[in-house]
Amino acid sequence: MKRIILTIASVFLALAAASAGNTYFVSATGNDSADGLSVKTAWKSLDKVGSVAFKPGDKVLFKGGDTWHGQLVLKGAGTAEKPIILSSFGKGRPVINIGDAEGAGILLKNYGGWEISNFEITSGAAPELGVTRQGIYVLVDEPGVKAEHVVIEDCFIHDIWGQLGGVRERSS
């Protein structure tokens, strides 16, 4: 009887662990060839994170105090019950500096079920006519897509200058 109870308990524990999702780590000193599943095997780049379609219950944790240059485009959909968490580990906030790039520091396009917290997003680039820049941009532009349960909290977004409208002058 004890063996049956232990077997059932083991099955439930395995199912609970599998449904919890994976926790991925990202560090400026990481390695994109690694699996990202521990601090020691953390990924390095925004491009690597953007190449993965995350699943409900997954967590993507960036190292606090580290800085990435560029833009993070998120993939995958969570749910209200099992959101995908994008946040930090360690001390401080992870920083995404988009520089003079056009677009968003973090882009969530046609996906829902995300909880984003504890990021710093900046640019510092001068405004340019017709160039749009955003800190975090949530966009739904496909018919039938429901991007429900998107939570953004405790983020510090600053010094992002962009202009809407206008026409860029073209040299001949």
Non-hydrogen atoms of S123 and G99 that approach each other most closely: OG-O, 2.5 Å
Nearest atoms (heavy-atom pairs only) where A125 meets W161: O-CD1, 3.3 Å
Linking I/L/V/M/F/W/Y whenever their side-chain heavy atoms sit closer than 4.5 Å, directly or via other members, would [X] and [Y] fall into one cluster?
{"X": "V73", "Y": "L86", "answer": "no"}
{"X": "I106", "Y": "L139", "answer": "no"}
{"X": "I84", "Y": "L74", "answer": "yes"}
{"X": "V49", "Y": "V95", "answer": "no"}
{"X": "V138", "Y": "V60", "answer": "yes"}

Pair N97-T67, side-chain donor/acceptor within less than 3.5 Å: no
Main-chain N/O of [Y] paired to [X] side chain as donor or acceptor, under 3.5 Å:
{"X": "N110", "Y": "D141", "value": "yes"}
{"X": "W114", "Y": "G78", "value": "no"}
{"X": "D58", "Y": "Y24", "value": "no"}
{"X": "R133", "Y": "D100", "value": "yes"}
{"X": "D66", "Y": "P94", "value": "no"}
{"X": "W68", "Y": "K44", "value": "yes"}
{"X": "S88", "Y": "L61", "value": "no"}

In Å and rounded to the nearest 0.5 Å, what is the [atom1] to [atom2] distance from [X] to [Y]?
{"X": "I98", "Y": "H69", "atom1": "CD1", "atom2": "NE2", "value": "12.0 Å"}
{"X": "T132", "Y": "Y137", "atom1": "OG1", "atom2": "OH", "value": "7.5 Å"}
{"X": "D35", "Y": "N22", "atom1": "CG", "atom2": "CG", "value": "9.5 Å"}
{"X": "K55", "Y": "K75", "atom1": "NZ", "atom2": "NZ", "value": "12.0 Å"}
{"X": "L108", "Y": "I136", "atom1": "CG", "atom2": "CD1", "value": "9.5 Å"}
{"X": "S27", "Y": "K40", "atom1": "OG", "atom2": "NZ", "value": "13.5 Å"}

Any side-chain heavy-atom pair of [X] and [Y] under 4.5 Å:
{"X": "T41", "Y": "N31", "value": "no"}
{"X": "E128", "Y": "E102", "value": "no"}
{"X": "F89", "Y": "K63", "value": "yes"}

Test log, rule side chain to side chain donor-acceptor pair (under 3.5 Å), inputs E81 and H149: CA-CA 9 Å; E81 298 77 27; H149 192 80; over 6 Å; no
Whether F62 and F119 hold their rings parallel, tilted or perpendicular, with breakpoints at 30° and 60°: perpendicular
Criterion side chain to side chain donor-acceptor pair (under 3.5 Å) on S117 and D154, from CA distance to verdict: CA-CA 5 Å; S117 65; D154 197 26; over 6 Å; no
Stepwise side chain to side chain donor-acceptor pair (under 3.5 Å) test for D32 and S45: CA-CA 7 Å; D32 285 345; S45 72; 2.5 Å; yes
More than 12 heavy atoms from other groups under 6.0 Å of NZ on K48: yes
